[in-house]
Amino acid sequence: MNPEKILVSACLAGIPCRYDGTARTVPLLEELYRNGLAVPVCPETAGGLPVPRKPSEIRDGRVYHNDGTDVTDAFIRGSAECMRICTENRCMKAVLKAKSPACGKGIIYSGDFSGTLCEGNGIFAQMLADNGIEVMTEEEACLR
Ligand code: SF4
């Protein structure tokens, strides 16, 4: 029986896929990835958004770049693809990047690009939770 793999936000595993072209590497998650025990996914790039890209936030259930472009469809498309990868790898737990409009869980930015936080989940984190996957942020996992 293979050990259960965990799903991780790709930027936490050392992959520079954030909007500004950087990673937010958590050494333990990067090590798990390199040893084949973590599956990295990035819903934003999986939906076709480039690196680098404009930052995004959720407002009234839609996702917008800071120039007002509606990128909801890309977020949903990318989240569905990452959900497929999750299922394919039989992952039941995910460690996702806190506060992201795709990966954030519980707390995200409020949608006006002012740095204000509010309650809510990112598009992908919500999709995982709706499909019975246990989601935690890297902060909840005490990896920060
Ligand atoms: Fe990281 Fe998720 Fe944002 Fe991709 S969508 S850069 S994995 S937080």
Side-chain angles (χ1 to χ4, degrees), residues 5-144:
K5 296 179 185 178
I6 60 166
L7 198 75
V8 296
S9 291
C11 57
L12 297 178
I15 297 169
C17 52
R18 295 183 78 235
Y19 74 95
D20 58 1
T22 65
R24 279 292 180 272
T25 308
V26 172
L28 175 61
L29 297 180
E30 185 178 36
E31 192 181 328
L32 290 174
Y33 162 46
R34 294 198 183 287
N35 287 312
L37 296 171
V39 178
V41 291
C42 176
E44 294 187 34
T45 57
L49 296 174
V51 180
R53 57 190 173 276
K54 292 185 168 61
S56 308
E57 294 191 7
I58 296 177
R59 188 175 67 247
D60 299 329
R62 308 276 309 169
V63 193
Y64 298 93
H65 277 328
N66 62 350
D67 66 358
T69 307
D70 187 326
V71 286
T72 309
D73 288 351
F75 270 65
I76 292 173
R77 194 167 53 242
S79 295
E81 169 60 10
C82 295
M83 185 69 236
R84 187 192 65 74
I85 294 169
C86 178
T87 304
E88 186 176 82
N89 285 276
R90 296 191 174 88
C91 299
M92 294 306 296
K93 293 180 181 168
V95 179
L96 301 186
K97 177 77 187 72
K99 305 185 188 80
S100 152
C103 294
K105 180 211 156 194
I107 297 172
I108 54 174
Y109 288 103
S110 64
D112 61 4
F113 297 93
S114 66
T116 308
L117 296 168
C118 66
E119 285 185 13
N121 293 325
I123 301 291
F124 181 51
Q126 185 65 54
M127 190 178 289
L128 285 177
D130 289 345
N131 282 276
I133 307 301
E134 183 184 343
V135 178
M136 66 195 92
T137 69
E138 81 279 21
E139 294 167 353
E140 289 173 323
C142 297
L143 295 172
R144 279 273 181 242

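Quick caveat, the model's predicted, so the values are computed rather than measured. Counting convention: from 1, in listed order, for ligands and their atoms alike. Just so it is clear, the values below take in all heavy atoms, side chains as well, and ignore hydrogens, waters and symmetry mates.
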Check this for me: does any side-chain nitrogen of one of E81 and R77 sit under 4.0 Å from a carboxylate oxygen of the other?
no

Keeping H65 on the side-chain end and S56 on the backbone end, is there a donor-acceptor pair under 3.5 Å?
no

Quick note on ligand 1: atoms under 4.0 Å from a heavy atom of R18 include exactly 6 (S)

Using a strict threshold of under 4.0 Å (side-chain N to carboxylate O), is an ion pair present between K105 and E140?
yes

Find all atoms of ligand 1 within a distance of less than 4.0 Å from any non-hydrogen atom belonging to A102, and give their numbers and elements.
5 (S)

Going by the atom numbers of ligand 1, which of them fall below 4.0 Å from some non-hydrogen atom of V41?
7 (S)

Distance from T22 atom OG1 to D20 atom CG, nearest 0.5 Å?
3.5 Å

Atom 2 (Fe) of ligand 1 has as its nearest protein heavy atom C103 SG, 2.3 Å

Close approach of L96 to ligand 1, heavy atoms, under 4.0 angstrom
no

Decide, yes or no, whether a salt bridge links K99 with E139 under the criterion of side-chain N to carboxylate O below 4.0 Å.
yes

One finds that the ligand 1 atoms under 4.0 Å from a non-hydrogen atom of C17 are 6 (S)

Specify the protein heavy atom at minimum distance from atom 4 (Fe) of ligand 1: its residue, its atom name, and the distance to 0.1 Å.
C42 SG, 2.4 Å

Of all the atoms in ligand 1, which lie at a distance below 4.0 Å from a heavy atom belonging to S100?
3 (Fe), 8 (S)

Taking C91's backbone N and O only, do any of them form a donor-acceptor pair with N89's side chain (distance below 3.5 Å, no angle check)?
no

Atom 1 (Fe) of ligand 1: closest protein heavy atom, distance to 0.1 Å, is C11 SG, 2.3 Å

Give the single entry among R53, K97, K99, E44 that approaches atom 5 (S) of ligand 1 most closely by any heavy atom.
E44

For A10, take its heavy atoms, then give the atoms of ligand 1 lying under 4.0 Å from any of them.
7 (S)

Give the numbers and elements of all ligand 1 atoms closer than 4.0 Å to a heavy atom of P43.
2 (Fe), 5 (S)

What do we get for T45 next to ligand 1 when only non-hydrogen atoms under 4.0 Å count, side chain, backbone, both or neither?
neither

Hey, is CD1 on I107 packed in by over 12 heavy atoms from elsewhere, all under 6.0 Å?
no

Donor-acceptor pair, side chain of T137 and main chain of A98, under 3.5 angstrom
no

Using a 3.5 Å distance criterion without hydrogens, assess whether the side chain of N121 forms a donor-acceptor pair with backbone atoms of G106.
yes

